[in-house]
Amino acid sequence: MTHPTIDQREAWQALAAHAREMRTTHLSELFTGAPTRHAAFTRRAAGLTLDLSKQRWRDETLDRLLDLAREAEVPEAIRALLAGERVNRSEDRPALHTALRLPPEASLVVEGEDLVPSVHATLERMATMVERFHAGQWRGATGRAIRDVVNLGVGGSDLGPLMVTHALADYRPEGVHTIDVHFASTMDGSQLADYLARLNPETTLFVLSSKSFTTIDTLSNARTARDWLLARLMGENREEGVDAELVMRQHFIGVSASPEKMNEWGIAEAHQLEFWEWVGGRYSLWGAIGLPIALVVGMDHFRELLAGAHAMDRHFSAAPLSDNLPVLLALAGIWNVNFLDIRAHSILPYDGRLEFFAAYLEQLEMESNGKSVTHDGREVGYSTCPVLWGQLGPNAQHAFYQLLHQGTQAVECDFIAPKVRYDDVEDPATRDHLMGQHRLTLANCFAQSRVLMLGDEAIEDDGPRPVHKRYRGNQPSSTLLLDRLTPATLGALIALYEHKVFVQATIWDINPFDQWGVELGKEIAGETQRILEHQADIAGMDDSTRGLIEAVWAAERGAR
Ligand code: F6P
């Protein structure tokens with residue numbers, strides 16, 4: 001007999017009954033006569049403060065959600081994840097991104113092998129490379145020091161490093177040879193074409209970041225980059241001894257779980273950084289995929305990022321469920337999605353340095369939990385990952401907040417901001433201005449979550465308003481305050497969301513570590529490309545796709 005699915009269990013049923021009562025309760029009522037609500041629903045860990053008081057829940061709701069977490073065996077799942085058990089069941093392997101941020105003195109024996117020494121050996125190799133760049137000693141084939149590094153990667157091999165290098169750009173180490181880091185991900189070559197037009201091949205190096213080393217997006221950019229370098233560097237200097245091998249060695253670093261494929265592609269062995277199959281692509285910024293981060297912020301700050309994430313891992317492992325930030329954030333999401341029918345989630349950072357945080361979370365959350373089959377192969381009868389999107393909050397206020405305030409969709413929001421910024425700016429007048437701008441930003445952040453919560457009640461009674469000016473409020477949100485945005489708190493913030501995703505997956509009984517849903521698209525794209533290139537027959541295509549392909553052919557004929 002198969003075991004009951006989570007929605008058939010007692011804790012879920014009790015929550016469903018409780019939700020029927022709560023659906024008619026407006027958030028503003030929950031604050032009336034509750035002067036300690038903020039304190040009651042706020043928790044702190046690893047430099048982060050999480051205020052969940054603007055969720056549409058009360059103590060009883062949280063108690064019942066905690067029962068659900070226990071019924072879904074969340075504590076056992078956390079232990080299994082951190083111990084390196086094969087939690088990625090469809091691929092039969094552990095998901096050990098947390099091992100990448102263990103300190104050197106730790107030990108984690110998984111299936112007979114202590115992983116910590118090899119993790120730190122890779123960090124040491126990264127450190128040696130970073131040192132060479134920062135000393136101006138990594139030289140291109142013509143002998144000039146490298147000053148531009150272009151990361152070629154997509155998905156997890158792009159978004160994590162892109163997001164973190166942008167967030168921590170203020171943390172560049174002083175007194176080192178500056179390396180400018182750029183990112184090219186799209187297969188259409190738009191970003192790459194721009195770099196090739198303005199960078200100097202003699203001083204440019206490419207990092208090929210790809211766990212599988214088979215991703216066509218990355219490999220097509222890599223081929224273009226390789227030919228650009230070879231043509232530019234070998235053309236004039238052939239007699240002076242610049243050969244292809246030298247160009248390949250001095251202008252490419254490979255980061256992958258497949259050394260064989262890096263060898264085949266021509267990456268010099270000494271310039272390969274390897275990682276492990278047990279690190280998922282979207283969980284990989286903590287190791288060699290983080291090389292661009294270390295090139296920007298230096299190894300010391302990179303290690304602080306790891307330490308911050310590790311602090312969150314320890315909290316996740318040790319804190320009781322009722323104080324556990326990732327668990328609580330996950331439960332708020334479950335409550336909204338599964339019991340209040342709120343299936344849209346917006347990520348709204350109020351700090352320009354977190355510009356790419358929403359894009360990063362879009363992959364982390366939706367590629368992890370955009371699933372509809374349980375571990376034992378049954379179709380789920382409940383919703384899983386909501387549609388998640390976001391943008392810098394201050395810009396989004398002038399773009400899509402209209403929908404949050406007066407549209408027909410219920411949306412959960414995460415507001416994210418540092419408490420303090422700019423207090424280290426040297427010039428006093430500029431410091432005052434910028435600190436004022438930060439306070440203005442925080443005021444907007446708090447005002448928006450307040451209006452989303454209270455609606456019209458947020459404003460002192462100024463008489464009846466016409467219906468088109470009314471705000472109904474009752475949109476739930478969480479607010480996350482970072483003490484400051486530092487490598488450590490950013491590490492903790494990312495780890496918080498990674499673990500939140502894991503807790504939700506555990507309750508939904510789905511695998512957050514595979515991504516089979518993207519494979520078919522890749523296969524079909526290959527077939528479509530062969531047709532588009534006239535190397536295969538169009539007859540088997542559906543009418544719409546055939547029409548589109550023929551339109552391209554006609555345009556190409558016209559262009560010739
Ligand atoms: O197609 C999805 C995906 O496999 C992501 O999971 C991954 O982050 C991205 O492609 C890039 O993969 P790779 O690092 O193997 O090039």
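Just so you know, ligand 1 is whichever comes first in the structure, and atom 1 is the first atom listed for that ligand. When a residue number appears, it is its place in the shown sequence, counting from 1.
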- Task: Please round to the nearest 0.5 Å and tell me the distance separating atom CD of Glu527 and atom CD of Gln529.
- Result: 11.5 Å

- Task: Please round to the nearest 0.5 Å and tell me the distance separating atom CG of Leu329 and atom NE2 of His499.
- Result: 12.5 Å

Nearest-neighbour protein heavy atom for [atom], which is reported as residue plus atom name and distance:
atom	answer
atom 10 (O) of ligand 1	Lys522 NZ, 4.3 Å
atom 8 (O) of ligand 1	Gly156 N, 2.7 Å
atom 15 (O) of ligand 1	Ser212 OG, 2.6 Å

- Item | Nearest-option assignment for atom 6 (O) of ligand 1, heavy atoms, candidates Glu367, Glu519, Lys211 | Glu367

- Closest to atom 11 (C) of ligand 1 among Leu152, Leu208, Val154, Ile289 (heavy-atom distance): Val154

Can you find a side-chain donor-acceptor pair between [X] and [Y] that sits under 3.5 Å?
X	Y	answer
Asp300	Tyr171	no
Gln515	Arg282	yes
Thr486	Thr489	yes
Asn338	Trp508	yes
Asp148	His182	yes

- Item | Gly155-ligand 1 polar pair, N/O distance under 3.5 Å | no

- Query: Is the closest N or O pair between Ser209 and ligand 1 shorter than 3.5 Å?
  - Reply: no

- Note on the structure: Honestly, for Gln515 the part within reach of ligand 1 (heavy atoms, under 4.0 Å) is side chain

- Note on the structure: If we number the atoms of ligand 1 from 1 as shown, the ones under 4.0 Å from a heavy atom of Thr215 are 12 (O), 13 (P), 15 (O), 16 (O)

